[in-house]
Number of protein chains: 2
Amino acid sequence: MHSNKLHIGELEELILLLIMMLQEDAYGLAIRKNLHEKANRKVTIGAVHGTLNRLEKKGFTTSEYSGATEIRGGRRKRVFSITAAGKKVLMASQDVKVNLWKQIPEMALK
Amino acid sequence: MHSNKLHIGELEELILLLIMMLQEDAYGLAIRKNLHEKANRKVTIGAVHGTLNRLEKKGFTTSEYSGATEIRGGRRKRVFSITAAGKKVLMASQDVKVNLWKQIPEMALK
DNA sequence: TATATTTGTTATACTAAGTAGAACAAATGC
DNA sequence: GCATTTGTTCTACTTAGTATAACAAATATA
């Protein structure tokens, strides 16, 4: 048991954010590239797809296969999008942290 | 190997935040209480201390034992504080997320 | 048309992070 | 003394994160 719907892991959070950001371009390799460039997070493609599968299993994302493109090797992509539940958990996650930051005494920030 | 100094787990992040917030009151039971009240995160005391030990081992916190207090059962506490490295990783963590939020297209937020 | 190259996902085995529950320790109250 | 309270440590386990390799389907070009 204990498939906790109230919180998400660290990589899960970053990937949900990138899915919202990338929209129709949210598929494995593109997510991995942005994880590296925008989040300074260097992970292998296996790590990305593992997390993507977990998120879908939890109901935080859905996915569908696009058609193949005309560029060389351009086979169909599995494109992910975030669900309402995913949005909710992602926003709650950020809210908690923003609130905690506000409660840190000034003097501790230096 | 691979004791990654570049990122921290989800619970590690919350606990580092609470250590900064609680200052001289940052010890196991108090952290657990605030995790519940301020972060809606219900975990056992074993989970808190496990994470605390991991953070110290990584160099993100230090701890020292306070003296016992005069209240009933008030034995000495192990009080944690964040190190410069801990502050750095915590701030970087939040920065990345704040930046990603900014890059999400307006229309996706509704 | 076969075979090399490219873009992409899936499978497998493993390490690290998160978790519960109970044991243990030291203080005060009576 | 011994019950109660506050606190940490120990042990065993599940979930999240990770690397590496296998697999699949597309185009390019000979």
Side-chain angles (χ1 to χ4, degrees), chain A residues 1-16 22 25-36 39 41-58 60-61 63-80 89 93, chain B residues 1-16 22 25-36 39 41-58 60-61 63-80 89 93:
Chain A
M1 252 237 103
H2 236 280
S3 173
N4 214 321
K5 297 279 182 179
L6 295 173
H7 63 274
I8 47 182
E10 177 260 349
L11 186 57
E12 289 177 331
E13 183 170 8
L14 290 177
I15 289 183
L16 279 184
L22 292 170
D25 294 321
Y27 68 101
L29 283 177
I31 289 171
R32 183 190 183 217
K33 185 160 173 270
N34 280 272
L35 227 25
H36 187 177
R41 199 78 163 68
K42 291 172 262 303
V43 291
T44 59
I45 189 62
V48 174
H49 277 284
T51 304
L52 250 9
N53 288 333
R54 208 185 316 126
L55 285 169
E56 184 154 26
K57 196 171 163 193
K58 290 184 185 173
F60 294 145
T61 59
S63 66
E64 51 180 20
Y65 290 90
S66 72
T69 57
E70 59 289 335
I71 61 165
R72 174 155 182 171
R75 54 175 296 206
R76 67 184 192 167
K77 300 161 172 51
R78 187 173 162 206
V79 178
F80 288 81
V89 78
S93 235
Chain B
M1 251 237 100
H2 235 281
S3 172
N4 215 323
K5 298 278 181 179
L6 294 174
H7 64 274
I8 47 182
E10 176 261 350
L11 185 57
E12 289 178 331
E13 183 170 10
L14 290 177
I15 289 184
L16 280 184
L22 293 170
D25 294 321
Y27 69 100
L29 283 177
I31 289 171
R32 183 192 183 216
K33 186 161 172 269
N34 280 272
L35 227 25
H36 186 177
R41 200 76 164 66
K42 291 172 263 302
V43 291
T44 58
I45 189 62
V48 174
H49 276 285
T51 305
L52 249 10
N53 289 331
R54 210 185 313 127
L55 284 170
E56 184 154 25
K57 196 170 162 195
K58 289 182 184 175
F60 294 145
T61 59
S63 66
E64 53 181 18
Y65 291 90
S66 72
T69 57
E70 60 290 334
I71 61 166
R72 173 154 182 169
R75 54 175 298 204
R76 68 183 190 168
K77 301 160 171 52
R78 187 173 163 206
V79 178
F80 289 81
V89 77
S93 234

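Residue numbers begin at 1 in each chain, while the letters A, B, ... track the order of the sequences.
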Whole-Å gap separating [atom2] ([N]) and [atom1] ([X]):
X       : N      : atom1 : atom2 : answer
B/Leu11 : D/dG17 : CG    : P     : 12 Å
B/Glu56 : C/dA17 : CD    : P     : 15 Å
B/Leu52 : D/dT9  : CG    : P     : 9 Å
A/Lys57 : D/dA16 : NZ    : C1'   : 12 Å
A/His36 : D/dA19 : NE2   : P     : 12 Å
B/Ile15 : C/dA17 : CD1   : P     : 13 Å
B/Ile31 : D/dT8  : CD1   : C1'   : 12 Å

Counting heavy atoms from C-beta on, name the nucleotide in [options] closest to the side chain of [X].
X       : options                : value
A/Leu29 : C/dT9, C/dG21, D/dT18  : C/dT9
A/Lys77 : C/dT7, C/dT19, D/dT8   : C/dT7
B/Ile45 : C/dT28, D/dG7, C/dA22  : C/dA22
B/Val43 : D/dA25, D/dT18, C/dA20 : C/dA20
B/Glu12 : D/dG17, C/dT7, C/dA17  : C/dA17

Hey, does the side chain of [X] come within less than 4.0 Å of [N]'s phosphate (OP1/OP2), counting only N and O?
X       : N      : answer
A/Lys58 : D/dA16 : yes
B/Tyr27 : D/dG7  : yes
B/Arg78 : D/dT9  : yes
A/His7  : C/dT19 : yes
B/Tyr65 : C/dA25 : no
B/Arg54 : C/dG18 : yes
B/Arg41 : C/dT19 : yes
B/Arg76 : D/dT8  : no

Counting only heavy atoms not in B/Lys33 (residues, nucleotides, ligands), do more than 12 fall under 6.0 Å from its NZ?
no
Among A/Val48, A/Leu55, A/Asn53, whose side chain to side chain contact (heavy atoms under 4.5 Å, CB included) with A/Thr51 holds?
A/Leu55
Kindly compute the distance separating NZ (A/Lys42) from NE2 (B/His7), expressed to the nearest 0.5 Å.
11.0 Å
Check whether the side chain of B/Arg72 and the base of C/dA27 form a donor-acceptor pair under 3.5 Å.
no
Output all residues satisfying side chain to side chain donor-acceptor pair (under 3.5 Å) with A/Ser93, sequence neighbours left out; order by chain, then residue number.
none
Assess the residue pair A/Glu10 and B/Glu13 against the criterion (side-chain contact (heavy atoms from CB on, under 4.5 Å)); give the C-alpha distance rounded to whole Å, side-chain angles, the decisive distance to 0.1 Å, and a yes or no.
CA-CA 9 Å; A/Glu10 177 260 349; B/Glu13 183 170 10; 5.5 Å; no
Walking DNA chain D from its 5' end, the first of B/Asn53 and A/Gly46 to be reached, judged by nearest nucleotide, is B/Asn53
Does A/Thr69 or A/Lys42 map to a spot on DNA chain D nearer the 5' end, using the closest nucleotide for each?
A/Lys42
Considering only heavy atoms from C-beta outward, does the side chain of B/Val89 approach that of B/Leu16 to under 4.5 Å?
yes
